[in-house]
2 protein chains.
Amino acid sequence: MKLSFDALKQQLKDREISLSHQRLKVLAFLCRSRGHPTADEIYLALREEIATLSKTTVYNTLRVLEESGMVQAIGIEDHETRFDLSPPDHGHFKCLSCGTVSDVPMDIQALFPEAMNHWRVDETQVNFKGICPDCLSGEEESK
Amino acid sequence: MKLSFDALKQQLKDREISLSHQRLKVLAFLCRSRGHPTADEIYLALREEIATLSKTTVYNTLRVLEESGMVQAIGIEDHETRFDLSPPDHGHFKCLSCGTVSDVPMDIQALFPEAMNHWRVDETQVNFKGICPDCLSGEEESK
DNA sequence: TCCTACTTTGTAATGGTTACATCCGAGAGG
DNA sequence: CCTCTCGGATGTAACCATTACAAAGTAGGA
């Protein structure tokens with residue numbers, strides 16, 4: 001369900017964000033990344049491609065992408081922000097056992113109560129925590 | 001819709017958590033607090049009553065209360081955890097203008113997709129961000 | 001009173017994130 | 001080519017909420 005890299009490049013152009021080498025790399029990594037990487041994971045992975053990459057650049061880039069609406073910061077964890085490229089039409093589930101963060105398909109746009117129509121909602125996040133099927137079956141086996 | 005302080009004290013007893021002076025004070029503060037205070041706000045407020053209060057104690061207490069299920073940690077902000085005493089039958093809304101965090105009544109228990117019945121869900125959080133009515137009307141006036 | 005376990009306290013460390021000063025590199029204009 | 005300019009990239013240092021740890025206090029039981 002991810003957008004293609006070329007489509008993302010076009011989005012950058014449309015928003016008049018210059019397509020620097022580093023920004024394209026961060027975007028490409030988010031594009032091919034299955035999970036929801038942290039800033040540090042992005043930094044460590046891209047460092048192999050760009051030896052001079054700075055962590056500040058990763059944070060700067062993520063902030064630019066977030067402000068432009070192309071990337072969403074997920075606050076499902078206590079001391080780490082994860083980043084998601086997908087359009088915000090789903091929730092997130094964090095497994096407390098293995099730590100994986102998965103997508104949960106659902107219509108999060110329809111959640112805000114209509115009765116509160118005097119509020120302007122810019123962003124909606126739905127976060128679940130629990131145990132994923134893999135870890136659940138593992139627990140049963142170990143009994 | 002908050003629980004009474006006495007009911008909370010009884011909950012502590014039921015869970016075999018000793019009712020130390022500091023823990024009762026933290027609980028009482030959460031009880032009479034309208035908003036969703038941060039650990040630091042709790043610390044600063046209670047410091048006037050307990051001069052020797054340590055920040056570590058506040059964090060320890062909040063962790064005990066959270067693990068017992070009496071308090072919920074809200075991760076709606078980037079670098080600050082807020083704490084909520086109320087039962088988890090509502091979402092939260094953070095105003096990006098004034099920073100207030102409000103309750104949003106809704107049935108968050110029914111959110112998880114039935115199709116994912118192999119997942120064990122322990123916790124659900126729904127976080128909205130946007131502009132509250134007060135700030136919206138303020139913006140209009142300033143035009 | 002002594003013993004033991006639990007709680008509180010204060011300080012030091014941790015670690016993700018940001019501020020800031022500096023450096024680089026591409027494009028504009030000469 | 002040269003130089004000027006400006007946005008982006010870099011690295012270091014700082015920030016700050018949170019946690020680890022060790023020491024000191026406290027309550028209850030024998």
Side-chain angles (χ1 to χ4, degrees), chain A residues 9 12-13 15-29 35-68 70-84 94 99 101, chain B residues 9 12-13 15-29 35-68 70-84 94 99 101:
Chain A
K9 261 170 74 174
L12 277 183
K13 276 188 194 163
R15 289 161 215 259
E16 295 184 350
I17 298 172
S18 60
L19 290 69
S20 77
H21 185 224
Q22 285 84 345
R23 283 180 185 164
L24 290 178
K25 283 290 186 182
V26 169
L27 211 45
F29 180 80
H36 307 78
T38 63
D40 198 55
E41 285 168 0
I42 298 171
Y43 168 68
L44 291 176
L46 291 185
R47 196 171 195 180
E48 297 174 7
E49 304 176 32
I50 315 173
T52 65
L53 183 67
S54 159
K55 222 172 202 177
T56 306
T57 301
V58 175
Y59 279 107
N60 284 342
T61 301
L62 287 171
R63 197 182 60 238
V64 168
L65 294 179
E66 191 189 350
E67 286 171 355
S68 81
M70 293 180 61
V71 160
Q72 194 189 16
I74 309 169
I76 199 173
E77 305 198 69
D78 285 345
H79 302 308
E80 256 179 350
T81 306
R82 292 187 172 274
F83 294 90
D84 192 357
K94 169 163 191 181
V101 175
Chain B
K9 261 170 74 172
L12 277 184
K13 277 187 193 165
R15 289 161 216 259
E16 296 183 349
I17 298 171
S18 61
L19 291 69
S20 77
H21 185 223
Q22 284 83 346
R23 284 180 185 164
L24 289 177
K25 282 292 186 182
V26 169
L27 210 46
F29 181 79
H36 306 79
T38 63
D40 198 56
E41 284 167 1
I42 298 171
Y43 169 70
L44 290 176
L46 291 185
R47 195 169 197 185
E48 296 174 6
E49 305 175 32
I50 315 173
T52 65
L53 183 66
S54 160
K55 223 172 202 176
T56 305
T57 300
V58 175
Y59 279 107
N60 284 343
T61 302
L62 288 171
R63 198 182 60 241
V64 169
L65 295 178
E66 190 188 353
E67 286 171 355
S68 81
M70 292 180 63
V71 159
Q72 193 189 17
I74 309 169
I76 200 173
E77 305 198 66
D78 285 343
H79 302 307
E80 255 179 351
T81 306
R82 293 186 171 272
F83 294 90
D84 193 355
K94 169 162 191 183
V101 174

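Every chain is numbered from 1 and lettered A, B, ... according to where its sequence line falls, protein lines coming before strand lines.
- In terms of the side-chain hydrogen bond (donor to acceptor under 3.5 Å, both in side chains) criterion, A:Ser54 has no residue partners (sequence neighbours excluded).
- Within the 4.0 Å cut-off from OP1 or OP2 of D:dA17, not a single side-chain nitrogen or oxygen of B:Thr81 is found.
- Atom pair A:Glu80:CD and C:dT14:C1' shows a separation of 13 Å (rounding to whole Å applied).
- Residues from residues 51-65 of chain A placing a heavy atom under 4.0 Å of any atom in DNA chain C, listed by number, are A:Thr56, A:Tyr59.
- Under the side-chain hydrogen bond (donor to acceptor under 3.5 Å, both in side chains) criterion, B:Thr52 pairs with no residue at all, not counting sequence neighbours.
- Applying the 4.0 Å criterion to OP1 and OP2 of D:dA9, one finds that A:Ser20 has a side-chain N or O inside that range.
- The nearest whole Å value for the distance from the CG atom in B:Asp40 to the C1' atom in D:dC15 is 14 Å.
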Provide a list of protein-nucleic acid N or O atom pairs under 3.5 angstrom, restricted to nucleotides 24-26 of chain C.
none

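- In terms of position along DNA chain C, the nucleotide closest to B:Ile50 lies nearer the 5' end than the nucleotide closest to the other residue of the pair B:His79 and B:Ile50.
- Residue pairs that meet the side chain to side chain donor-acceptor pair (under 3.5 Å) test with at least one member in residues 55-65 of chain B, sequence neighbours left out, are B:Asp40-B:Lys55.
- Side chain of A:His36 to main chain of A:Asp84: no donor-acceptor pair is present (N/O by atom type, distance under 3.5 Å, no hydrogens or angles).
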Show each protein N/O and nucleotides 28-30 of chain D N/O combination with a separation under 3.5 Å, one pair to a line.
none

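- Looking at residues two or more places apart in sequence or on another chain, you find a side-chain contact (heavy atoms from CB on, under 4.5 Å) between B:Val71 and B:Leu30, B:Leu65, B:Phe83, B:Leu85.
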Using the side chain to side chain contact (heavy atoms under 4.5 Å, CB included) rule, take B:Leu12 and B:Leu27 through it: C-alpha gap first, then chi angles, then the decisive distance, then the call.
CA-CA 10 Å; B:Leu12 277 184; B:Leu27 210 46; 3.6 Å; yes
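- Residues passing the salt bridge (charged side-chain N to carboxylate O under 4.0 Å, His left out) test with A:Arg82 are A:Glu41, A:Glu77, sequence neighbours excluded.
- A:Leu19 contributes atom CG, which lies 7.0 Å from atom NZ of A:Lys9 (distance to the nearest 0.5 angstrom).
- Looking at residues two or more places apart in sequence or on another chain, you find a salt bridge (charged side-chain N to carboxylate O under 4.0 Å, His left out) between A:Glu49 and A:Lys25, A:Arg32.
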